[in-house]
Amino acid sequence: MNLSKFSKIVFTILCFSAFNSVQGQNKKDFHDWAATPPMGWNSWDCFGPTVTEAEVKANANYMAKYLKPYGWDYIVVDIRWYVGNDKAHGYNEKDPDYVLDQYGRFMPAINRFPSAAGGKGFKPLADYLHKKGLKFGIHIMRGIPVIAVKQNLPIKGTNYTAKDIYSDKDQCKWLHDMYTVLPEKPGAQEYYNSLFELYASWGLDFVKIDDLSSPIYFEGEIDMIRKAIDRTGRKIVLSTSPGETPIAHADHVQKNANMWRTVGDFWDSWQQLKEHFEVFERWNKWRAYGAYPDGDMLPLGRIGIRAERGDPRMTAFTKDEQYTLMTLWSIFKSPLMFGGNLPDNDPFTLSLLTNKNVLKVLNESTNNKPLFTDKDKAAWMADEPKTGAKYLAVFNTTDQKMVSEEKAVWNSGLLSRANQSTKLDIDISNAKKLYLVVNDSGDNTDWDHANWIEPTLYKGKDSIKLTSLKWKKATSGWQKPKMNQSVSGNSLITNKIKYENGIGTHSNSIIEFDLPEGCTRFKAIVGLDEACISQNVGATVKFLVFTENPSGPPPPPSAKIPVNLKSYGLLDSYLITDLWSGKVVGQFSGEFAPEINSHGAGLYKIVKVSK
C-alpha cells in the first residue's frame, strides 16, 4: 500500500471518528440546556387556547421587571396559537380557522399575533422577548395537521407529501387537529426536520409537545423530534406532555427530553396536590442532570380568565397550600411554570416566586429524597453540596375524613367510562337533610367530572326540582359545583344526552341541602360528564346519598411533625433556619418537631454547630 493511499484511509477513519464523537456529544449536550429546572410562565392556566400577543407581552414585561433576577426566564405560548377563532371552555373543533404555510406547518393566527403578519411567524415576538433577556417557547401537538393531509401538502425539501407519512390510527382523543406521523415512512423525519428548522428560524428556546407521552408513549416520534431538534443546532428545551408518562418508558424519556409530565392536568385542588407526594416519590429516582420529572404548571395567582376549563378566579389554594406546593416542587426539583396572569399577582403570590433561599433549594440541592409519606404527614431531605448542610421539608397533610360510606342511604357503586351512569330512586321519609356526595372511588381525582341529572324531591304527588332550592354548603375537588351547568361551565351532558336541569361537580364533593317538610322520595340520574370521557386518565367515581352529615370531625389547625434527626445520620447539634421566613428557629439535637399548619409546609436549612 502506498503512503498516499494509507494517508487517505487514516484521514477517513479520523473524520468518521470525529463525526461520531460530535454526534455523541450533541446527543449528550442537550441536557446542558437545562442545567437547572426550567422556570417560566405558560399561558394555559389563565388563557387556555385563546392567548393573544398583547397578553404574552404583558406577562413578559412583568417577568423581566420582577422575576428575571430570580431565574425566571421562559415565556411559553400554549395550545392552538394557530387557530384564529378558538374559544374558552372547550376547543372550537366545529369550524376552526387554521393558519398554515405551503408545507403543512401551522403558523400563528394574525388576528391574535399581529407581528406574525407577512409570513414572519413568531420571530418578532421571540425577538421582543430575547431583547428583555427572556426565552421563548411554544406548545405543539404531536403529528402532522389533518388539514395538511386533506390538502396533500408537500413536505419541504422532499418529493413526499403529507399523505405519504400519516396514519389516522392513535389520533388524539381530546383534540383532533393532528394525525400520527409514522417513523418508518420515507419523509417522516424530513417533516419533523422542516418543523424545527422553522421554529429555530423564529428563535425558539422551548417546545412543549402534547399527546406525546400518555396514554400512549410515542417512542418513534420522540426519537424523530430529538433528531430534528439536534439537527438545528439551536438550544431548544424539550418538554413532553401529557402525563402520567408511563414509568416503563422512564429511561427513554430521560435520555431524550429535558422534562416530562408525571400527572395529568393539575389544577387548584388540594386533593390533586396531595396526590403529588406519592407521584413524586415514584419518579424521584428518574431525575437526572438536565432531565426532570415535571409536576405540571403552578395554578397560582389569577387563573381561568379564558381557560379551556374553569372560571376566572384567584387560585383556590389557601396560603398554606401554596406554601406546600412551592416547597414540594422545590425539594423535588420539578420545573416551575407559573400558570396565573402575572400582572394580576398580589404581593403574597410574588413573594412565593422570589424567595432566594427556596429557589436555591430548587436549583442547587442534591440527593433529594423522601424520608416518609403517610396519610397525615410527609418529609423530604436534600443536601447543600457546597457546605454539607441539609435541607428539610416537612408537610402536614392531615385531612378531615370526607365520608363514611357505610352511613350512605344509597351508593351507585363504581362508575367509569365503561359504565357511565345509573338511576337512583330512594325513600327519604322523615329526613331533614340531604347530602349529595361524589368521591374518587379510591384512586385519584383526575378528570372526575360528575353530574346529578334532574334531581327531584317528591311530596306525595307533588315534585320539587332540587335545583330550585339553595344549597346550604357545597364543595368540589375542582372548581365549584354549578346549577344547570357542568363543573367546567358547559352544558350538562351524560351518555351523550344533553340535560337542562342538574348539578355539575367534581370529586371529591359534598353538597348539603335542608329538605322541605314532608319529602318522601328522591330521584335522579347520576353519571360522568362528557368532559371527562375523552381524556387519558381518571373518570372513576362513586355517587352517594346521605341524610346525615357524612364527614368526620375536622383536624386540628396545626400539628407537630416530628423528624428524628439521628435516624437520618444527623448525630450532632444543629442550627435550623426557616427558609421561607429567613428566621433562625433554634438549635436542635436528636429530634426536630416543627408546628405545621394543616395543609401547610415548612422548609428548613440544617447546619451543624461547630464544637
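In this chain, numbering begins with 1 at the start of the sequence shown.
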So, does N508 use its side chain to make a donor-acceptor pair with the main chain of D440 at under 3.5 Å? yes
For D311, enumerate each residue passing the salt bridge (Lys or Arg N to Asp or Glu O under 4.0 Å) test, keeping only those at least two apart in sequence or located in another chain. K482
Sidechain-backbone polar pair: R417 side chain, G538 backbone, donor-acceptor under 3.5 Å: yes
Within 6.0 Å of NZ in K465, more than 12 heavy atoms from elsewhere: no
Answer yes or no: is there a donor N or O on one side and an acceptor on the other, between the side chain of E530 and the main chain of K496, under 3.5 Å? no
Just jot down the side chain to side chain contact (heavy atoms under 4.5 Å, CB included) partners of P557, sequence neighbours excluded, or say none. none
If you take all heavy atoms of W44 and N42, which pair is closest and at what distance? N-OD1, 2.8 Å
Nearest heavy atoms of L457 and L466, plus distance in Å: CD1-CD1, 3.8 Å
Taking atom CD1 of I561 and atom CG of N396, what is their separation to the nearest 0.5 Å? 4.5 Å
Does S429 reach the main-chain N or O of D427 with its side chain, forming a donor-acceptor pair under 3.5 Å? no
Can you list everything that forms a side chain to side chain contact (heavy atoms under 4.5 Å, CB included) with T397? Sequence neighbours excluded, please. W270, K274, F277, F395
Other residues, nucleotides and ligands only: do more than 12 of their heavy atoms fall within 6.0 Å of CD on E517? no
Just by modelled atom types, is the I331 backbone N or O under 3.5 Å from a matching donor or acceptor in the N368 side chain? yes
Ignoring hydrogens and geometry beyond distance, is a side-chain donor-acceptor pair present between T318 and D320 at under 3.5 Å? no
Mind jotting down which residue pairs meet the side chain to side chain donor-acceptor pair (under 3.5 Å) criterion with at least one end in residues 344-355? Sequence neighbours excluded, please. Y62-N345, R302-D344, N341-D344, D346-T349
With sequence neighbours left out, what residues match F546 under ring-ring contact (aromatic ring centres under 6.0 Å, His included)? none
Quick one: salt bridge (Lys or Arg N to Asp or Glu O under 4.0 Å) partners of D86, sequence neighbours excluded? R80
Is it true that E281 and T373 share a donor-acceptor pair across their side chains at a distance under 3.5 Å? yes
Taking atom NZ of K87 as the centre, does the number of heavy atoms from other residues, nucleotides or ligands within less than 6.0 Å exceed 12? yes
Decide side-chain hydrogen bond (donor to acceptor under 3.5 Å, both in side chains) for T180 and R142; before the verdict, give the C-alpha distance in whole Å, the side-chain angles of both, and the deciding distance to 0.1 Å. CA-CA 7 Å; T180 296; R142 169 191 69 84; 3.0 Å; yes
Evaluate the side-chain contact (heavy atoms from CB on, under 4.5 Å) criterion for residues L515 and F522: first the C-alpha distance (whole Å), next the side-chain angles of each, then the deciding distance (0.1 Å), finally the verdict. CA-CA 11 Å; L515 288 176; F522 175 54; over 6 Å; no
Identified ring pair (Phe, Tyr, Trp, His ring centres under 6.0 Å) partner of F280 from the options W329, W286, W380: W329
Mind checking whether F348 and Y323 have parallel, tilted or perpendicular rings, split at 30° and 60°? perpendicular
Could you tell me which non-hydrogen atom of V358 sits nearest to which non-hydrogen atom of S330, and how far apart they are? CG1-OG, 3.5 Å
Tell me whether S404 contacts the main-chain N or O of K407 through its side chain, where contact means a donor paired with an acceptor under 3.5 Å. no
SG of C46 to CE of M297, rounded to nearest 0.5 Å, is 9.5 Å
Who pairs with W410 by ring-ring contact (aromatic ring centres under 6.0 Å, His included), at least two apart in sequence or on another chain? none
Would you give the length of the straight line joining atom CG of D529 to atom CG of N490, rounded to the nearest 0.5 angstrom? 7.5 Å
Q272 side chain vs W267 backbone, donor-acceptor pair below 3.5 Å: yes
T475 side chain vs I510 backbone, donor-acceptor pair below 3.5 Å: yes
Please report the interatomic distance OH(Y499) to CD1(I497), rounded to the nearest 0.5 Å. 4.0 Å
Can a donor-acceptor pair be found between the side chains of N501 and N484 at a distance below 3.5 Å? yes
Just jot down the side chain to side chain contact (heavy atoms under 4.5 Å, CB included) partners of K523, sequence neighbours excluded, or say none. D425, Y458
May I ask you to check whether W452 and F543 place their ring centers less than 6.0 Å from one another? yes
All pairs passing salt bridge (Lys or Arg N to Asp or Glu O under 4.0 Å) where residues 545-555 contributes a residue, at least two apart: none
Do S421 and N495 pair up side chain to side chain, a donor and an acceptor below 3.5 Å, judged on atom types alone? yes
Looking at residues at least two apart in the chain, or sitting in another chain, which of them share a salt bridge (Lys or Arg N to Asp or Glu O under 4.0 Å) with E53? K57
Shortest non-hydrogen contact from N549 to Y435? N-CE1, 3.4 Å
Presence of salt bridge, E591 and K560, under 4.0 angstrom: no
Backbone N/O of T324 and side chain of T327: donor-acceptor pair under 3.5 Å: no
Given the side-chain rings of H276 and F266, with only the six-membered ring counted for Trp, is the space between their centroids under 6.0 Å? yes
Got a sec, which residues hit side chain to side chain contact (heavy atoms under 4.5 Å, CB included) with H139, two or more places apart in sequence or on another chain? D78, I79, M141, K208, D210
Going by side-chain hydrogen bond (donor to acceptor under 3.5 Å, both in side chains), D514 matches just one of K432, K433, K470. Which one? K433
Working for side-chain contact (heavy atoms from CB on, under 4.5 Å), residues Y66 and L353: CA-CA 10 Å; Y66 296 108; L353 309 182; over 6 Å; no
Other residues, nucleotides, ligands: >12 heavy atoms within 6.0 Å of E405 CD: yes
Please test D97 against N111 for side-chain contact (heavy atoms from CB on, under 4.5 Å), starting from the C-alpha separation and ending with a verdict. CA-CA 11 Å; D97 180 17; N111 61 323; 5.7 Å; no
With sequence neighbours left out, the residues meeting salt bridge (Lys or Arg N to Asp or Glu O under 4.0 Å) with E244 are R282
Any side-chain to backbone donor/acceptor pair from S334 onto G295? Under 3.5 Å, distance only. yes
Between E55 and T52, is any side-chain donor less than 3.5 angstrom from a side-chain acceptor? yes
On a heavy-atom basis, the closest approach of Q479 and S476 is O-CB, 3.4 Å
Has D374 got more than 12 heavy atoms of other residues, nucleotides or ligands less than 6.0 Å from its CG? yes
Once rounded to the nearest 0.5 Å, what's the spacing between atom NZ of K285 and atom NZ of K369? 15.5 Å
Looking at V146 and H176, what are the two nearest heavy atoms and their distance? CG2-O, 3.6 Å
Less than 4.5 Å apart, any side-chain heavy atom of P96 and any of Y82? no
